[in-house]
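A short worksheet on the structure shown next.
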There are 2 protein chains.
Amino acid sequence: MMWRQEGKRKRTENAVRIGELSRRTGVTVPTIKYYVREGLLPPGELTSPNQASYGDPHERRLRLIRALLEVGGLSLAAIGEVLAAVDDRERPVHDMLGEVADRLVAEHAGEPDAETVLARERVARLIAERGWDADPDSPAGAALTAALAALARVGHGAFIEVLDAYARAAEEVARADLEFTARRVDREDLVETVAVGTVLGDAMFAALRRLAQTDASSRTFSTE
Amino acid sequence: MMWRQEGKRKRTENAVRIGELSRRTGVTVPTIKYYVREGLLPPGELTSPNQASYGDPHERRLRLIRALLEVGGLSLAAIGEVLAAVDDRERPVHDMLGEVADRLVAEHAGEPDAETVLARERVARLIAERGWDADPDSPAGAALTAALAALARVGHGAFIEVLDAYARAAEEVARADLEFTARRVDREDLVETVAVGTVLGDAMFAALRRLAQTDASSRTFSTE
DNA sequence: CATCATAGATAGTGGCGCTATCAGATAGCG
DNA sequence: CGCTATCTGATAGCGCCACTATCTATGATG
């Protein structure tokens with residue numbers, strides 16, 4: 001694993017040892033060492049054979065890992081891939097977004113059953129109807145297909161009726177996402193913003209949906 | 001664990017043995033036995049000391065478990081709690097929805113830090129502004145608080161700018177959910193519909209968001 | 001009657017995210 | 001200078017989870 005060289009940035013901005021890094025982030029020292037071993041966190045800069053110092057980038061990265069893990073619910077393996085995409089500065093932004101998105105969905109291999117075939121057709125139709133520039137066989141499309149097929153298999157295929165409303169809401173959210181990222185001029189920051197926004201945005205939206213459901217449900221069913 | 005008695009329904013509608021149940025659902029026999037041991041699936045009806053038959057409800061329940069597990073990403077423990085809520089026919093619908101929603105968010109205990117305190121205030125303000133009948137300290141509110149606090153901690157607190165757009169979209173989705181459930185007259189089915197819709201709806205929306213982002217992103221960044 | 005499937009029970013497996021322990025070296029303080 | 005707390009780097013172990021394997025005794029099936 002190649003870690004981006006900080007070059008001549010010798011400002012020793014906020015160099016601390018591992019104990020202090022642990023105290024600041026609430027992550028235990030063994031866990032920090034474990035993340036370094038796993039290649040998720042760059043090793044500290046050695047000042048002597050058994051002393052290393054960690055700076056702001058380490059603290060930031062560590063907080064990012066914890067956020068993706070605890071709030072985003074990603075596995076460490078998925079986090080590693082997301083971070084690699086974030087660190088790859090050669091990669092076009094659009095490409096990076098796709099890469100991050102792909103890490104968020106579980107793989108569903110195997111022979112497609114009847115429900116999956118039908119669901120895939122529905123997904124393709126939706127994409128065509130909305131004029132989206134997207135592939136039904138991309139990971140995101142496959143995830144949607146899997147969800148629709150699962151609905152059919154559990155006998156709740158009728159729930160697909162909400163699909164268009166969901167798609168409209170998703171467009172709204174995606175528009176807000178893009179407008180926000182468009183305001184980020186700093187490209188360095190933008191890439192991480194997209195990754196964070198994609199992962200934590202899911203968690204945010206799910207929580208908001210739940211709150212809105214609580215409200216709507218309490219109005220409809222009140223106390224009964 | 002009490003399993004709902006099917007009463008005098010002796011129609012033997014679709015009784016099969018465990019091997020056939022396994023073949024139909026793609027779940028291995030040992031796994032089915034495991035689910036029965038774990039109380040997720042009712043045991044088959046014994047026809048002799050070492051023969052049991054499984055009917056449609058078993059197949060349905062088994063498919064539901066797999067959908068919640070594979071598509072919804074729930075743990076078996078969470079699935080058990082959701083199923084218990086679904087099976088509890090005494091419980092008011094609104095209550096059940098809350099119960100299911102609560103199973104979907106991870107617990108985040110511990111002393112609240114500065115970011116959490118600020119995030120909680122923002123959540124309370126959002127709820128007040130939108131006039132929602134919801135509690136900022138409910139599991140859903142706490143999940144939103146955790147997400148906002150995490151954004152702040154990773155240095156992307158500005159992403160909170162999209163919050164209102166997300167909230168509007170969430171209202172739209174919740175409205176579609178409620179309209180759909182309102183059309184379900186059968187209360188038996190309704191309860192499961194709400195659970196399935198809540199869990200698989202998250203997966204659906206996340207996938208749709210990803211597709212809409214792909215589209216929006218390809219328009220904005222095109223090939224660069 | 002031979003073969004296969006089954007119930008029920010117990011033990012084992014593999015992956016994941018840490019956690020414990022250790023040896024040897026250094027930091028920082030009086 | 002000595003003393004103790006801390007550090008690096010390495011290896012081993014742990015607890016949880018979702019299975020999976022194996023076994024015995026029994027019954028189904030052709």
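Naming convention: chains lettered A, B, ... in sequence-line order (proteins, then strands); numbering from 1 in each chain.
- Every salt bridge (charged side-chain N to carboxylate O under 4.0 Å, His left out) that B/Asp113 has, sequence neighbours left out, goes to B/Arg153.
- Exactly one of B/Leu190, B/Val196, B/Val191 qualifies for a side chain to side chain contact (heavy atoms under 4.5 Å, CB included) with B/Val194. That residue is B/Leu190.
- Side-chain atoms of B/Thr214 never come within 3.5 Å of backbone atoms of A/Ala134 as a donor-acceptor pair (strictly under, hydrogens ignored).
- In this entry C/dG30 has D/dC1 as its Watson-Crick or G-U wobble partner, both defining distances falling under 3.5 Å.
- Counting only residues at least two apart or on different chains, the side chain to side chain donor-acceptor pair (under 3.5 Å) pairs with a member in residues 72-82 of chain B are B/Glu81-B/Arg103.
- In this structure A/Thr193 satisfies the side chain to side chain donor-acceptor pair (under 3.5 Å) test together with B/His156, sequence neighbours excluded.
- Between B/Ser48 and B/Leu74, the residue whose closest nucleotide on DNA chain D is further toward the 5' end is B/Leu74.
- A salt bridge is absent between B/Lys33 and B/Glu38: the closest approach of a Lys/Arg side-chain nitrogen to an acidic carboxylate oxygen does not fall below 4.0 angstrom.
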Just the table, please: protein N/O against nucleotides 1-4 of chain C N/O, every pair under 3.5 Å.
none

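- Nearest heavy atoms, A/Val71 versus B/Ala147: CG1-CA, 3.8 Å.
- For the salt bridge (charged side-chain N to carboxylate O under 4.0 Å, His left out) test, residues two or more places apart in sequence or in another chain that qualify with B/Glu59 are B/Arg24, B/Arg63.
- Rounding to whole angstrom units, CG of residue A/Asn50 and C1' of C/dG24 are separated by 8 Å.
- The side chain to side chain donor-acceptor pair (under 3.5 Å) check on B/Tyr34 picks up nothing, with sequence neighbours excluded.
- Mapping heavy-atom proximity under 4.0 Å, the span of DNA chain D touched by chain B runs 5' to 3' from D/dA18 to D/dA28.
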Hey, what are the protein-to-nucleotides 11-16 of chain C N/O distances that come in under 3.5 Å?
none

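- Partners of A/Arg209 according to the side chain to side chain donor-acceptor pair (under 3.5 Å) rule, which considers only residues two or more places apart in sequence or in another chain, are A/Tyr166, B/Asp177, B/Asp202.
- The salt bridge (charged side-chain N to carboxylate O under 4.0 Å, His left out) search around A/Asp215 returns A/Arg219, not counting sequence neighbours.
- Applying a 4.0 Å cut-off to non-hydrogen atoms, the residues of residues 17-33 of chain B that approach DNA chain C are B/Arg17, B/Ile18, B/Gly19, B/Lys33, listed by residue number.
- In plain terms, the two heavy atoms of B/Val162 and A/Ala176 that are nearest each other are CG1-O, 3.7 Å.
- Qualifying salt bridge (charged side-chain N to carboxylate O under 4.0 Å, His left out) partners for A/Glu161, counting only residues two or more places apart in sequence or in other chains: B/Arg183.
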